[in-house]
Amino acid sequence: MSLNNSIAVIGGGAAGFFSAICAAQLALQKGFSVDIQIFEASDQVLKKVRISGGGRCNVTHHCFDVKMFCKNYPRGSRELLSPMQRFQASDTVEWFKNAGVQLVAEADGRMFPDTNSSETIIDCFFNLIEKHNIKLNTNCPVKAIEVVSPNGSQKKFKLTTGKGPFDGKNTADAVLVATGSVAGGYRLAESLGHSITERAPSLFSFIIQDDLIAGLEGLSFKDASLKLTLPGKVGKTGKNIFKQRGPVLITHWGLSGPAILKLSAWAAREMKQSAYTGTLTINWMGAENSNEVESRLNKMKSANLKSYLKNVYPDTLPKRFWLSLLDKCSIDQDKQWAQISKKEVAQLCNVLVASQLNISGQNRFKDEFVECGGVALREIDFKSMESKICPGLYFAGEILDVDGITGGFNFQNAWTTGWVAAQHMMGSNSGTT
Ligand SMILES: Cc1cc2nc3c(=O)[nH]c(=O)nc-3n(C[C@H](O)[C@H](O)[C@H](O)COP(=O)(O)OP(=O)(O)OC[C@H]3O[C@@H](n4cnc5c(N)ncnc54)[C@H](O)[C@@H]3O)c2cc1C
């Protein structure tokens, strides 16, 4: 555990800002002075925070059971357990409350600032940066990090920035790399001996062209069961079948919605390897099995003999979808229920519980997109977020091979790993806030 006089934070995003502020707060608590600088490649910091959650910033998720929380990370769930025991979603809520920002939960668990604006989070961070005299260097990409030991003195990190040396000073006792998912950041990590795991997009929609859903964009299903089958055995695990359940949305180009995004996250690497092709089997009736759906349709028939098929249908389905389903099964929608044959009921039932749709590509979700892959987790000590390869070097946020599903889990990874790194860089490594 080290107590550093100068800290360089590379990347002015969620993880970099949060960690820099937490380190400064700790220094203040302990009564010592520390020089903290943030280096940001572009002219604008906190870009993703600003656009996140559709401009509302889904800061975290209302789940205060660490084990349950960590189940929402397709990569990193095991490694995050220990850091989350020290700084979890409830600590995030408390931290922001102490900083004057109230977070409120929505019915699905997502938590936003009560102003419903990401600017509230940005203002909060800027106030704290100013309060703690943290120096912000924008338009200042870090191009190289070297470990130096001038005149045999204590080891330091020398940074080379796109803008050249600033303030006559370009060394630091500790460096936090929080560059998100950009190639330049991975190169910095590699230059200091780290390996980068296979990168792949996560959280995307599926491109599907099928008559059943064509022209039905905007229709949503509260509960569908999904089974994704990829061609052949793909990935290191050879896993080619993935399942999910939950809301699904029909879009212009195919299917999206929470259940599809979750599926894309869990199958991110395997889908990349199969070039985003595969078969999606959907049960549009959620948990109901084939027998249950058949009996539901038969009951509907007996109770509505004189009604037209186009007017009476299962209440969990949107009408336009039902009409498309009749079309797909070549059943005349102007028929009465009395006229529908056993074979036709079975046919409807088959499509309802096991529609087979071909996936031909992926489309990135507009509200949240992350990348899986990054600095290999085995090379990081998750008690400190320090590199096991290069002492004094720390990592936080999306640069790690950690990614969560949608709902505030990706920001929580940034807060937690940033907080843990700050504790260790400031020589304090126990307890929570
Ligand atoms: C559109 C969108 C919406 C999202 N919405 C949500 C949401 O509501 N909730 C949620 O939990 N997650 C959300 N996410 C994911 C979340 O934004 C990221 O997981 C999170 O921002 C990662 O934080 P980070 O600090 O690790 O990386 P980033 O936020 O990407 O920040 C990295 C910073 O480092 C800078 N940088 C890179 N290389 C260098 C270099 N060499 N030198 C100096 N600076 C460098 C970059 O310019 C950038 O500013 C969303 C993502 C997107 C794209």
Side-chain angles (χ1 to χ4, degrees), residues 8-21 37-63 69 72-73 75-76 89 92 103 106 108-113 116-118 121-122 125 136-145 159-163 166 175-191 201-204 261 265 364-372 374-375 385 394-419 421:
V9 173
I10 308 179
F17 261 68
F18 195 73
S19 194
I21 294 167
Q37 305 226 27
I38 298 177
F39 298 93
E40 167 55 45
S42 68
D43 59 355
Q44 216 191 28
V45 293
L46 299 168
K47 288 181 295 280
K48 285 194 192 166
V49 171
R50 179 165 281 113
I51 56 171
S52 65
R56 296 168 64 212
C57 189
N58 178 194
V59 178
T60 187
H61 201 89
H62 191 270
C63 168
F69 198 97
N72 294 289
Y73 294 89
R75 282 140 299 263
T92 302
L103 299 182
E106 303 213 325
D108 61 4
R110 291 177 305 156
M111 297 195 82
F112 296 89
N116 262 326
S117 167
S118 56
I121 305 297
I122 293 173
F125 284 167
L136 193 55
N137 306 285
T138 48
N139 288 313
C140 203
V142 173
K143 305 255 169 158
I145 311 172
L159 310 187
T160 305
T161 67
K163 220 177 162 187
F166 35 87
V175 171
L176 172 74
V177 186
T179 46
S181 52
V182 296
Y186 295 128
R187 277 198 296 272
L188 290 177
E190 279 174 328
S191 74
S202 180
L203 301 180
F204 49 82
L261 296 177
R364 289 176 187 189
F365 188 53
K366 66 177 165 41
D367 284 338
E368 187 169 347
F369 167 74
V370 290
E371 241 199 31
C372 80
V375 174
M385 300 316 298
Y394 295 79
F395 294 96
E398 213 179 298
I399 187 172
L400 296 159
D401 184 12
V402 172
D403 59 278
I405 60 169
T406 66
F409 300 99
N410 286 302
F411 276 140
Q412 187 58 49
N413 169 46
W415 316 138
T416 297
T417 51
W419 184 89

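First listed ligand is number 1; within each ligand, the first listed atom is number 1.
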Open item on the list: Need the ligand 1 atom indices (1-based, order shown) with element for anything under 4.0 Å from a heavy-atom of Ser52.
Closed with: 3 (C), 4 (C), 5 (N), 6 (C), 7 (C), 8 (O)

Task: Heteroatom proximity flag, Val370 to ligand 1, N/O under 3.5 Å - done: no

Task: Donor-acceptor contact below 3.5 Å, side chain Ser19 vs main chain Gly418 - done: yes

Open item on the list: Give the atom numbers and elements of ligand 1 that come within less than 4.0 Å of a heavy atom of Gly11.
Closed with: 33 (C), 34 (O), 35 (C), 44 (N)

Open item on the list: Which of the numbered atoms in ligand 1 are under 4.0 angstrom from any heavy atom belonging to Pro141?
Closed with: 42 (N), 43 (C)

TODO: Please confirm whether Gln412 comes within less than 3.5 Å of ligand 1 when only nitrogen or oxygen atoms on both sides are compared.
DONE: no

- [ ] Give yes or no for whether the N/O distance cutoff of 3.5 Å, strictly under, is met between Ile399 and ligand 1.
- [x] no

Task: Option of least heavy-atom distance to atom 27 (O) of ligand 1 (set: Ser42, Gly180, Ala14, Cys57) - done: Gly180

Task: Any N/O pair Ser181/ligand 1 closer than 3.5 Å - done: no

- [ ] Kindly say whether Asn139 contributes a backbone atom to a donor-acceptor pair with the side chain of Asp43 at under 3.5 angstrom?
- [x] no

Open item on the list: Looking at every non-hydrogen atom in both residues, tell me the closest pair between Thr60 and Gln412 and how far apart they are.
Closed with: OG1-OE1, 2.8 Å

Task: Cation-aromatic face contact Arg364/Phe204, 6.0 Å, 45 degrees - done: no

Open item on the list: If I compare all heavy atoms of Cys372 with all of Ser202, which pair ends up nearest, and what's the gap?
Closed with: N-CB, 4.4 Å

Open item on the list: Suppose I only count heavy atoms of Ile51 and a 4.0 Å limit; which atoms of ligand 1 are within that range?
Closed with: 1 (C)

- [ ] Indicate yes or no: does an N/O atom of Val142 lie under 3.5 Å from an N/O atom of ligand 1?
- [x] yes

TODO: Show which atoms of ligand 1 fall inside a sub-4.0 Å distance from at least one heavy-atom site of Phe39.
DONE: 43 (C), 44 (N)

Task: Atom indices of ligand 1, in the order listed, that fall short of 4.0 Å to a heavy atom of Gly13 - done: 25 (O), 29 (O), 31 (O), 33 (C)

Task: Backbone of Ile38 reached by a side-chain donor or acceptor of Asn137 within 3.5 Å - done: yes

TODO: Taking all non-hydrogen atoms of both residues into account, name the closest pair between Ala8 and Leu159 and its distance.
DONE: CB-CD1, 3.6 Å

- [ ] Measure the distances from the heavy atoms of Ala178 to every atom of ligand 1 and state whether one is below 4.0 angstrom.
- [x] yes

TODO: Report the part of Val182 (side chain from C-beta onward, or backbone N, CA, C, O) that has a heavy atom under 4.0 Å from ligand 1; answer both or neither where that applies.
DONE: side chain

Task: From CA spacing to verdict: salt bridge (Lys or Arg N to Asp or Glu O under 4.0 Å), Glu371, Arg75 - done: CA-CA 11 Å; Glu371 241 199 31; Arg75 282 140 299 263; over 6 Å; no

Open item on the list: Between Asn72 (side chain only) and Ile405 (backbone N and O only), is there a donor and an acceptor less than 3.5 Å apart?
Closed with: no

- [ ] Could you tell me if any non-hydrogen atom of Gly185 lies under 4.0 Å from any atom of ligand 1?
- [x] no

Open item on the list: Heavy-atom pairs closer than 4.0 Å: do any link ligand 1 to the side chain of Phe411, the backbone, both, or neither?
Closed with: both

Open item on the list: Would Asn58 count as a polar contact of ligand 1, with the cut-off being nitrogen or oxygen pairs under 3.5 Å?
Closed with: yes

Task: Contact (N/O only, under 3.5 Å) between Ile10 and ligand 1 - done: no

Task: Any N/O pair Ala41/ligand 1 closer than 3.5 Å - done: yes

Task: Distance-minimising heavy-atom pair for Cys57 and Phe411 - done: SG-CE1, 3.8 Å

Open item on the list: Which label fits Trp415 and Phe125: parallel for a plane angle under 30°, tilted from 30 to 60°, or perpendicular past 60°?
Closed with: perpendicular

- [ ] Measure across Asn58 and Gly407 and return the closest heavy-atom pair with its distance rounded to 0.1 Å.
- [x] OD1-C, 2.8 Å

Open item on the list: Once ring-ring contact (aromatic ring centres under 6.0 Å, His included) is applied, do any residues pair with Phe395, and if so which ones, sequence neighbours excluded?
Closed with: His194

Open item on the list: Are any of the N/O atoms on Glu40, whether in the backbone or the side chain, positioned under 3.5 angstrom from an N/O atom of ligand 1?
Closed with: yes

Open item on the list: Please work out, at 4.0 Å between heavy atoms, whether the side chain, the backbone, both, or neither of Lys47 comes within that distance of ligand 1.
Closed with: side chain

Task: Atom indices of ligand 1, in the order listed, that fall short of 4.0 Å to a heavy atom of Phe409 - done: 11 (O)

Task: Under 4.0 Å to a heavy atom of Gly397 - the qualifying atoms of ligand 1, by number - done: 26 (O)

- [ ] Check whether any side-chain heavy atom of Ser42 sits under 4.5 Å from a side-chain heavy atom of Lys47, and report yes or no.
- [x] yes

